[in-house]
Participant: 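Would you mind keeping the following structure in view while I ask a few things?
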Amino acid sequence: MQWSQLGILLDKDVLGLIYLILLCESTDANIALKKPTKLSSIYDPKINEGFDYICCNSTYAVDGDRRGTPVNYNFYCAHTDIVDNEKPWWAVDLQNVYTITGVEIFGRTDGRHSIFICILFPADDLANFDVEIIMPTCTCSHWNNLEEGDEINCHFQETESQRITVNCPPNTAGRYVKIKRRDEYRLVICEVEVYGNPKYRVDESGFAGTVTTYACGKIGYGYVGPDLGTSIAQSNIQCMSTCITKTGCSAAEYDKKTQVCTLKGECLNATPASLYPDINKNVFLIQ
C-alpha cells in the first residue's frame, strides 16, 4: 500500500461534489505570517545573562516585524540556545501545501551584542544553514515527523548575512519551511517571509466560499482517535469533505461496506501506530 494524494480515490458516481484544480494565480502575500512555528531550543536570557527580558520565542520570526534590534530593551527574534549534540533549527507550518516561489530571511542588526552586558557575539548567528521545504508524510504528529517528509533543499547559506533572499527551484512544493544549521552554534532569526501559491484548491458545492486544504489517504486502514460524529456518506470524497468543514476534524474514516463516515480528532498517541489495517476502510488525514 502507498500513500495517495487527495483526489486519487474519486467515486465516479459522485460528480460535482469536490473539484481539485491546480492554481495558476500568483500572490504577493506572506504566507508564513502568524503561522505556527517551532524552535529546537529557546535561549533564556535570565539564565545566560542574569537579566530577564522578552526574547527568543519561535513566533517572533513570523510576527511581521523585520527589525533586528532591541525594542524597549526587548529582542523580538527567534533565538536558540547552544545545546550539545544538537544542530539548531526553526520551522514554520504553512498549514497548507504551497508551491514556494521565495523565502526572505532577516537576521539581527544590533551589532551582535547582548542587550544588558557587553559581551560581543560573533557575527555568525545566521550562517552555515540550510533552507528546506518539506512535504509531510501522512503521520499524526507532523512536528515530530518532519524528518520523514520529502525534503527539497532550496539554499545553503555559508556566510553570515542580515538579510537573505532564497529562490527555490521551480515547482518546489511543501507545507513546512525549515531553517537548520549544519553546526551546533546558535541560530537567530528575526523574521521569515514565505511567498508562494496554494498547490490545491478544494471547492465544495453547497458551501459558501472556497476551502483550501490538502489531504493524504491510506487505503485499507482505520484510524484510532476520538470520534467527533458519524453519518452516512455515498463516497470517500463526501466523507472527506465533511471532515474539512468540521472544526477540529483531523481525519475522515470511511467504511466502504457500511458507507459510514466517522470524523476523527487528533490521534490519541500521536504516532503512525494510530493507523490499523482494515480492508473495509479508507482514511484521509487532513493537513
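In this chain, residues are counted from 1 in sequence order. Quick note: numbers below take in every heavy atom, side chains included, and nothing from hydrogens, waters or symmetry partners.
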Participant: Does any N or O in the side chain of Asn57 come within less than 3.5 Å of the main-chain N or O of Thr59, such that one atom is a donor and the other an acceptor?
Facilitator: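 Side chain of Asn57 to backbone of Thr59, a donor-acceptor pair under 3.5 Å: no, none is there.
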
Participant: Could you tell me which non-hydrogen atom of Val97 sits nearest to which non-hydrogen atom of Ala173, and how far apart they are?
Facilitator: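 Result for this residue pair: CG1-CB, 4.5 Å.
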
Participant: Do Lys38 and Tyr176 have side-chain atoms, one donor and one acceptor, less than 3.5 Å apart?
Facilitator: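 Checked: Lys38/Tyr176 side chains show no N/O donor-acceptor pair below 3.5 Å.
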
Participant: Main chain of Gly196, side chain of Thr99: is a donor-acceptor contact present, judged purely on distance under 3.5 Å?
Facilitator: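 It does not hold such a pair.
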
Participant: Any non-hydrogen side-chain atom of Asn282 less than 4.5 Å from a side-chain atom of Tyr221?
Facilitator: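 When only atoms from C-beta onward are counted, Tyr221 and Asn282 do not touch, as no gap falls below 4.5 Å.
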
Participant: Should Tyr60 and Tyr76 be marked as a ring-ring contact (aromatic ring centres under 6.0 Å, His included) after you check the CA-CA gap, both sets of side-chain angles, and the distance that decides it?
Facilitator: CA-CA 5 Å; Tyr60 294 143; Tyr76 296 97; 5.3 Å; yes

Participant: Has Thr69 got a side-chain atom pairing as donor or acceptor with Thr109's backbone, closer than 3.5 angstrom?
Facilitator: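 No; judged by distance alone, with no hydrogens or angles, the pair does not exist.
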
Participant: Does a side-chain heavy-atom distance below 4.5 Å link Val283 with Leu275?
Facilitator: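 Yes, side chains in contact.
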
Participant: If you round to the nearest 0.5 Å, how far is CG of Leu285 from NZ of Lys264?
Facilitator: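 Between atom NZ of Lys264 and atom CG of Leu285 there are 12.0 Å.
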
Participant: Okay, side chain of Asp278, backbone of Asn280: is any donor-acceptor separation there less than 3.5 Å?
Facilitator: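 Yes, the answer is positive, given that a donor and an acceptor are paired below the 3.5 Å cut-off.
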
Participant: Applying a strict under-4.5 Å side-chain criterion to I, L, V, M, F, W and Y, I'd like to know whether Val260 and Phe284 cluster together.
Facilitator: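 No: no chain of side-chain contacts under 4.5 Å links Val260 to Phe284.
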
Participant: Does the side chain of Tyr43 reach to within under 4.5 Å of the side chain of Glu49, using non-hydrogen atoms?
Facilitator: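 Of all side-chain heavy-atom pairs linking Glu49 with Tyr43, at least one is under 4.5 Å.
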
Participant: Flag yes if Leu126 and Val166 sit in one hydrophobic cluster, no otherwise; membership is Ile, Leu, Val, Met, Phe, Trp, Tyr, and two members link when side-chain heavy atoms are under 4.5 Å apart.
Facilitator: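 Looking at the clustering, Val166 is in the same group as Leu126.
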
Participant: Can a donor-acceptor pair be found, under 3.5 Å and without considering hydrogens, that links the side chain of Glu191 to the backbone of Gly64?
Facilitator: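 Flag set: sc Glu191 to bb Gly64 pair under 3.5 Å.
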
Participant: Report, as yes or no, whether the 6.0 Å neighbourhood of atom NZ on Lys246 holds more than 12 heavy atoms from other residues, nucleotides or ligands.
Facilitator: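 Not more than 12 within 6.0 Å, no.
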
Participant: Give the minimum heavy-atom separation between Tyr223 and Gly265, together with the two atoms involved.
Facilitator: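 Smallest interatomic distance, heavy atoms only, reads OH-O, 3.3 Å.
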
Participant: Using a strict SG to SG cutoff of under 2.5 Å, would you count Cys261 and Cys239 as disulfide-linked?
Facilitator: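 Disulfide present: SG-SG distance under 2.5 Å.
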
Participant: Evaluate the criterion side chain to side chain contact (heavy atoms under 4.5 Å, CB included) for residue pair Asp44 and Asp81; output intermediate values, then yes/no.
Facilitator: CA-CA 7 Å; Asp44 189 333; Asp81 209 342; 5.5 Å; no

Participant: If you apply the rule side chain to side chain contact (heavy atoms under 4.5 Å, CB included), what do you find for Asn74 with Val71, and how did you get there?
Facilitator: CA-CA 5 Å; Asn74 298 313; Val71 180; 5.5 Å; no

Participant: For residues Ile179 and Trp89, determine if any side-chain heavy atom of one lies less than 4.5 Å from a side-chain heavy atom of the other.
Facilitator: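 The answer is no, as the side chains (C-beta and beyond) never meet within the 4.5 Å cut-off.
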
Participant: Applying the 4.5 Å side-chain criterion to the ILVMFWY set and letting contacts propagate, would Val177 and Ile189 be lumped into a single cluster?
Facilitator: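 Val177 clusters together with Ile189.
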
Participant: Decide side chain to side chain contact (heavy atoms under 4.5 Å, CB included) for Cys190 and Arg108; before the verdict, give the C-alpha distance in whole Å, the side-chain angles of both, and the deciding distance to 0.1 Å.
Facilitator: CA-CA 6 Å; Cys190 293; Arg108 60 191 306 164; 4.2 Å; yes

Participant: When rounded to the nearest 0.5 angstrom, what distance separates SG in Cys168 from CD in Glu132?
Facilitator: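 Reported to 0.5 Å precision, the distance equals 11.0 Å.
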
Participant: Counting N and O atoms only, with roles assigned by atom type, does the side chain of Glu184 sit under 3.5 Å from a partner on the main chain of Asp84, one being a donor and the other an acceptor?
Facilitator: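 Side chain of Glu184 to backbone of Asp84: no pair is present.
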
Participant: Closest heavy-atom contact between Val103 and Val192?
Facilitator: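 The answer is CG1-CG1, 4.0 Å.
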
Participant: Is it the case that more than 12 heavy atoms not belonging to Leu33 sit under 6.0 Å from its CG atom?
Facilitator: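 More than 12 heavy atoms, drawn from other residues, nucleotides or ligands, come within 6.0 Å of this atom.
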
Participant: Go through Trp90 and Leu187 one step at a time and tell me if the side chain to side chain contact (heavy atoms under 4.5 Å, CB included) criterion holds.
Facilitator: CA-CA 8 Å; Trp90 174 92; Leu187 176 66; 4.2 Å; yes

Participant: Look only at the side chain of Lys35 and the backbone of Leu94, and say whether a donor-acceptor pair between them is shorter than 3.5 Å.
Facilitator: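 Such a contact is found between Lys35 side chain and Leu94 backbone.
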
Participant: Run Tyr276 and Lys281 through side-chain hydrogen bond (donor to acceptor under 3.5 Å, both in side chains) and show every step you take.
Facilitator: CA-CA 10 Å; Tyr276 63 91; Lys281 294 181 178 179; 3.1 Å; yes

Participant: For the OG1 atom of Thr37 and the CG atom of Leu39, what is their distance to the nearest 0.5 Å?
Facilitator: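 One gets 8.0 Å once the value is rounded to the nearest 0.5 Å.
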
Participant: Does Tyr254 reach the side chain of Gln259, with side-chain heavy atoms less than 4.5 Å apart?
Facilitator: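 A side-chain contact under 4.5 Å exists here.
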
Participant: Just verifying a value: how many Å separate Arg181 CZ and Gln157 CD, rounded to the nearest 0.5 Å?
Facilitator: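 With rounding to 0.5 Å, CZ (Arg181) is 11.0 Å from CD (Gln157).
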
Participant: Does a salt bridge link Lys178 with Glu151, judged by any charged N lying under 4.0 Å from a carboxylate O?
Facilitator: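 Between Glu151 and Lys178 there is no salt bridge, as every charged N stays at least 4.0 Å from the carboxylate O atoms.
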
Participant: Taking the side chain as C-beta and beyond, is there a heavy-atom pair between Ile31 and Tyr98 under 4.5 Å?
Facilitator: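 They are in side-chain contact.
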
Participant: What pair of heavy atoms forms the shortest contact from Glu160 to Gln162, and how long is it?
Facilitator: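 Shortest heavy-atom contact: OE2-N, 4.0 Å.
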
Participant: Taking atom types as modelled, find out whether Asn153 and Asp130 have a side-chain donor-acceptor pair closer than 3.5 angstrom.
Facilitator: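 Yes, Asp130 and Asn153 have a side-chain donor paired with an acceptor closer than 3.5 Å.
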
Participant: Answer yes or no for Arg67 and Phe75: cation-pi contact, defined as NZ/CZ to six-membered ring centre under 6.0 Å and angle to ring axis within 45°.
Facilitator: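 No - Arg67 does not lie over the ring of Phe75 by the 6.0 Å and 45° rule.
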
Participant: Report yes or no: does Arg163 contribute a side-chain atom to a donor-acceptor pair with the main-chain N or O of Ile105 at less than 3.5 Å?
Facilitator: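 Flag not set: sc Arg163 to bb Ile105 has no pair under 3.5 Å.
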
Participant: For residues Thr165 and Glu104, is any side-chain donor paired with an opposing acceptor at under 3.5 Å?
Facilitator: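 Note: Thr165 and Glu104 side chains meet the donor-acceptor criterion.
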
Participant: Could you tell me whether a side-chain N or O of Gln238 sits under 3.5 Å from a main-chain N or O of Met240, the two making a donor and an acceptor?
Facilitator: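 Looks like no, no N/O pair under 3.5 Å.
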
Participant: Closest approach of Ala127 and Glu158, non-hydrogen atoms and distance?
Facilitator: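 Taking Ala127 first and Glu158 second, the nearest heavy atoms are CB-O, 3.6 Å.
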
Participant: Once rounded to the nearest 0.5 Å, what's the spacing between atom CZ of Arg186 and atom SG of Cys56?
Facilitator: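 The CZ atom of Arg186 sits 10.0 Å away from the SG atom of Cys56.
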
Participant: Give, for atom CD1 of Ile100 and atom CD1 of Ile133, the distance between the pair rounded to the nearest 0.5 Å.
Facilitator: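 Nearest 0.5 Å value for the CD1-CD1 distance: 5.0 Å.
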
Participant: Should Thr80 and Ile42 count as side-chain neighbours, where that means a heavy-atom distance under 4.5 Å?
Facilitator: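 The answer is no; the side chains never approach within 4.5 Å.
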
Participant: For Cys243 and Cys249, is the interatomic SG distance under 2.5 angstrom?
Facilitator: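 In this structure, Cys243 and Cys249 share a disulfide.
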
Participant: Provide the closest heavy-atom pair for Pro45 versus Asp52 in the form atom of the first, atom of the second, distance.
Facilitator: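 Minimum heavy-atom contact is CG-OD1, 4.4 Å.
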
Participant: Can any side-chain N or O of Lys256 pair as donor or acceptor with the backbone N or O of Ile279 at less than 3.5 Å?
Facilitator: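 Judged by distance alone, yes, a pair lies under 3.5 Å.
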
Participant: Would a 4.5 Å heavy-atom cut-off, applied to side chains only, mark His155 and Ile164 as touching?
Facilitator: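 They are in side-chain contact.
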
